[in-house]
J.: 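So that we are looking at the same thing, I have put the structure below in C-alpha cells.
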Amino acid sequence: MKKNKEKGKKNIGYKLVYILLFLSSLGLLGVVLYINILPMKYLGILTLILVFVNLILGFFLLRKKVKKKPKRICTVFSLLFTILFAVVSFFIFKTFGVLDEMSQDYKTYTYYVLVNDNSNYKKLEDIKDKGLGYYNDNSEASKKALEALSKVVTVKSNSYGNLESLASSLISSDEDAILLESTTKSKLDSAGENSKSSFSGFKEKTRIIYTFKVKVKIDTKGVNVTKDVFNIYISGMDEYGKVSEVSRSDVNMIMTINPKTKQILMTNIPRDYYVQLHDTTGYKDKLTHAGIYGVDTSIKTLEDLLGIKIDYFFKVNFSSLQNIVNALDGVDVYSEYNFQSWNGYNFTKGYNHVDGKAALAFARERHTFTDGDNQRGKNQQALIEAIFRKCTSSSIITKYNSLLNSLKDSMITDMPMKSITSLAKMQLRDDASWSITSNSVKGTGSSEYTYTYPYQYLYVTLQDEESIKEAKDKIAKVAEGEVLESSYGKDASDVHSVSKSYVSKSSTSSSSSTKTKKSTSKKSAVTKKSNSSTTKRETNKKTETEKPKEPVVSCQEGEHLENGVCVADEPVPPVCGEGEHLEGNTCVKDKTENLDPKTKE
C-alpha cells in the first residue's frame, strides 16, 4: 500500500515537471509570435524543436512502465529545457522592453502661458475670461493644447497667423496672455534680442504663469520599411548621459535606405552649415543650433535644404557611441589617413580595431585634417558603417545582452516598434549584405551673424550649391533603385591596433604633420573675422582629463594661440557711413519713411 502511494507521488512529480516544460515551451512560442521577429522558416524550425522536445520527454515522463533511471534522466533534461526556455523568453521580453522604451510612438510638447511682466497676473486663474493669443499653425499639438487649457480655465482665444504679431500683441498688452510651445518660445527669445524688433526684449518683458504638456501620436502610416525607400535623420549630441530631444546637434546625417536593393546612402551635413532654420526669417544659422529648438526644427530644416521627406529620426550622444562599441567588443573602422587624434590615439590608414574611447576620438577629430569638419563627417560615417557591419554579422548573438543594455537611455527614435522588428525579421530572413555609400555636402568657411546669436560673429560653413545638388541627385538615385558604388572595401582582414600616447600632433608622421600645418593655416584664413571667444567655445570642446600637451605653434600677425590652434584676433566690424547701418557684415542704407511724393523715384 505504501509503495503504491510512493509511486503515485512520484508520478505526480513527473507530471508536474512535464507541465512546467510544456508551459515554458508554450510561453516561448507565444512570445516569439507576439514579437513577430522570426521569419517563417526559423519559426517553423523552432516549433519543430519544441514539439520534438515535448514529445520525447513527455513519452518517458508520463508512461508508467518506464524504468526509474530513464525517468530521472528525462526529469533533469526537462528541468534544464524549462530553465532554458524561460531564460530565452525573458531576454526576448527584455529586447521588446528596451526597444519599446527607445521607440516613441508619441511626441510630448511643452506649452507655456505667458503674460506681460508688468501685468498683475500671477497665476492661471487670474486670466479667466481674458484674451489669450495663440499661434495658429494648424498642428494637432496646438489643437490639443487649447483643448487641455480650456478644461482648466475659460479664456477668449484669439488666433494669430505669424509669431511676430503674436509676440508684439503681448508686449503692447493687446493680449492679456499668449500660449506658446517651448521651442517656439526659444525662437522668440532669440529673435527678441534684436533691438529693432517689434517685440524687442521679449524674454525679459514676459513671464510664465502656467506650464503643461500634451502628447500627440506620431503618424507613421504609409511607410513599409521592408519595401519602401525611407530616410532617417541621425542626430548626435556632443553630450553625455540621457538623451534629450532639445540640444545642439553636432552630428547631422541623413540615411537613405532602399530595402529592396539593400542600399544605404549616408549624407553628412556639417554642424556649422549656414542654413535658414525652418519657420524663421532674417539671419540664417548654424545647423547645430536647430537642435536648440527641438528635433522637429532640425528635421524640417534639413527637409527644406535637401528637398526630401524624413520619415524617422534616431538621436544618440557620446555615451551611446562608447557604450555600443564596447558592448560589441569593439569594431573595425576604416580610416582614410594615418593620423593622431587630439587626445593621443594613433590611427593607421586602413581598418583599425577601436574600443569605445578610441571610437569617440576617431569620430570627434577634425583639426588634424586639411578638410576639417568634412573629414570628421566621413569618419563618423565610417564608424556607423563599422557598427552596422558588426551588428549584421553572426557574432552579434554573443553580444546580444550587452548591446541591449548599452542602448538603454542613450538613444531615442520615433521609428515604431513594428518597423524595427520588421527590419530585423527581414535581415534574418534574407541574410543579405548591404552596400553602403557615404557622401557629404560641402561649403566654405566664413564668419557671420546667426539667428540664435544675432549680434555675435560665429564661424559658419557657407553652402556650396553644387554639392547640395549632387547630394539631392544621389538620394534620388537610391530612391529609384540604382545601386551606388560602395565607399567601403569588403576585405577587412588586415586590421590595425590603435595605440595611445600623449605625443603632440606636430611629432606624428610627416604627412600627418603637413596636414596639421595646412589645417592651421586654412583655419586662420577662414576665421579672420571670427570672435576668438566664440571660436574657442564652438570648436574646442575637449575633455580636460584627456587633453594632451599643446604643440608649440607660431601664429601669424593678427592671430593668437588657443588650445594649440591659431585663431584670428577679435574682429572689428566695418564702420558704416552716415545714413547707413550694419546688417550681418554689410553696411546698408537706412530706410527713409514719409518721403515727399515728389522725391520718390
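In this chain, residues are counted from 1 in sequence order.
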J.: Between Thr184 (side chain only) and Leu180 (backbone N and O only), is there a donor and an acceptor less than 3.5 Å apart?
T.: no
J.: Taking side chain as C-beta onward, heavy atoms only, is Lys349 less than 4.5 Å from Tyr337?
T.: no
J.: Report the C-alpha separation of Ser341 and Arg364 in whole Å, then their side-chain angles, then the decisive distance to 0.1 Å, and conclude whether the side chain to side chain contact (heavy atoms under 4.5 Å, CB included) test is met.
T.: CA-CA 8 Å; Ser341 68; Arg364 293 184 72 184; over 6 Å; no
J.: Does some side-chain heavy atom of Phe313 sit less than 4.5 Å from a side-chain heavy atom of Ile412?
T.: yes
J.: Looking at every heavy atom in both Ile232 and Met415, which two are closest together, and how far apart are they?
T.: CD1-CE, 3.9 Å
J.: Should Tyr109 and Ser142 count as side-chain neighbours, where that means a heavy-atom distance under 4.5 Å?
T.: no
J.: Begin from the C-alpha positions of Val251 and Val316 and carry the test side chain to side chain contact (heavy atoms under 4.5 Å, CB included) through to its verdict.
T.: CA-CA 9 Å; Val251 178; Val316 299; over 6 Å; no
J.: With Arg271 as reference, evaluate Asp250, Asp373, Asn252 under the side-chain hydrogen bond (donor to acceptor under 3.5 Å, both in side chains) test and give the passing residue.
T.: Asp250
J.: Of all the heavy-atom pairs spanning Asn258 and Gly481, show the shortest one and how long it is.
T.: ND2-CA, 3.7 Å
J.: Only one of Thr267, Asn439, Asn231, Thr437 clears side-chain hydrogen bond (donor to acceptor under 3.5 Å, both in side chains) with Thr256; which?
T.: Asn231
J.: side-chain hydrogen bond (donor to acceptor under 3.5 Å, both in side chains), that's the test. Do Ser25 and Asn54 meet it? Break it down for me.
T.: CA-CA 8 Å; Ser25 303; Asn54 276 267; 3.0 Å; yes
J.: Is there a donor in the side chain of Tyr233 and an acceptor in the side chain of Ser249, or the other way round, less than 3.5 Å apart?
T.: yes
J.: Test your reading of the model: is there a side-chain donor-acceptor pair from Lys378 to the backbone of Asn268, 3.5 Å cut-off?
T.: no
J.: At their closest point, which heavy atom of Ala479 faces which heavy atom of Val229, and how far apart are they?
T.: O-CG2, 3.7 Å
J.: Between Gly356 and Asn326, which heavy-atom pair has the shortest distance, and what is it?
T.: N-OD1, 2.8 Å
J.: Looking only at heavy atoms, what is the nearest atom pair of Ser435 and Gln263, with distance?
T.: OG-OE1, 3.3 Å
J.: Work out which heavy atom in Leu61 is nearest to a heavy atom in Ser78; give both atom names and the distance.
T.: CD1-OG, 3.2 Å
J.: Within a strict 4.5 Å, meaning less than it, do heavy atoms of the Leu28 and Leu84 side chains meet?
T.: no
J.: Please lay out, stage by stage, how Leu29 and Thr47 fare under the test side chain to side chain contact (heavy atoms under 4.5 Å, CB included).
T.: CA-CA 7 Å; Leu29 188 60; Thr47 304; 3.7 Å; yes
J.: Drop me the distance from Ile254's CD1 to Leu302's CG, to the nearest 0.5 angstrom.
T.: 5.0 Å
J.: In Å and rounded to the nearest 0.5 Å, what is the NZ to OG1 distance from Lys185 to Thr110?
T.: 12.5 Å
J.: Do the ring centers of Tyr14 and Tyr18 come within less than 6.0 Å of each other?
T.: no
J.: Do other residues, nucleotides or ligands put more than 12 heavy atoms under 6.0 Å from the CZ atom of Phe212?
T.: yes
J.: Got a second to check how far Lys309's NZ is from Glu303's CD, nearest 0.5 Å?
T.: 7.0 Å
J.: Are Ser487 and Ile436 close enough that some pair of their side-chain heavy atoms sits under 4.5 Å apart?
T.: no
J.: Could you tell me the separation between the NZ atom of Lys144 and the OG atom of Ser139, rounded to the nearest 0.5 Å?
T.: 11.0 Å
J.: Determine whether a donor-acceptor pair (N or O, by modelled atom type, separation under 3.5 Å) exists between the side chain of Glu365 and the backbone of Arg376.
T.: no
J.: Between Ser24 and Phe81, is the side chain to side chain contact (heavy atoms under 4.5 Å, CB included) condition met? List the steps.
T.: CA-CA 8 Å; Ser24 65; Phe81 276 117; over 6 Å; no
J.: Lys390 side chain to Gly330 main-chain N or O, any donor-acceptor pair under 3.5 Å?
T.: yes
J.: How long is the straight-line distance from CD1 of Ile269 back to CG of Leu306, given to the nearest 0.5 Å?
T.: 5.5 Å
J.: Quick check: do Trp342 and Thr368 have side-chain heavy atoms less than 4.5 Å from each other?
T.: no
J.: Fit a plane to each ring of Phe388 and Trp434, take the angle between them on a 0 to 90° scale, and name the class: parallel (under 30°), tilted (30 to 60°) or perpendicular (over 60°).
T.: perpendicular
J.: Report yes or no: does Gln381 contribute a side-chain atom to a donor-acceptor pair with the main-chain N or O of Met266 at less than 3.5 Å?
T.: yes
J.: I'd like to know whether NZ of Lys300 has more than 12 heavy-atom contacts from other residues, nucleotides or ligands below 6.0 angstrom.
T.: no
J.: Measure the CG-CD1 distance between Leu305 and Ile468 for me, rounded to the nearest 0.5 Å.
T.: 4.5 Å
J.: Using a 4.5 Å cut-off on heavy atoms from C-beta on, say whether the side chain of Met426 contacts that of Lys262.
T.: yes
J.: Measure the acute angle between the ring planes of Tyr334 and Tyr351, then classify it against the limits of 30° and 60° as parallel, tilted or perpendicular.
T.: perpendicular
J.: Do the side chains of Glu140 and Lys143 get close enough for a salt bridge, i.e. N-O under 4.0 angstrom?
T.: no
J.: Run the ring-centre check on Phe362 versus Tyr345 and record whether the distance is less than 6.0 Å.
T.: no
J.: Can you confirm whether Ile234 sits close enough to Gln380 that some side-chain heavy atom of one is under 4.5 Å from a side-chain heavy atom of the other?
T.: no
J.: For Lys215 and Thr108: C-alpha separation, side-chain torsions, deciding distance, then whether side-chain hydrogen bond (donor to acceptor under 3.5 Å, both in side chains) applies.
T.: CA-CA 5 Å; Lys215 289 184 178 181; Thr108 302; 5.1 Å; no
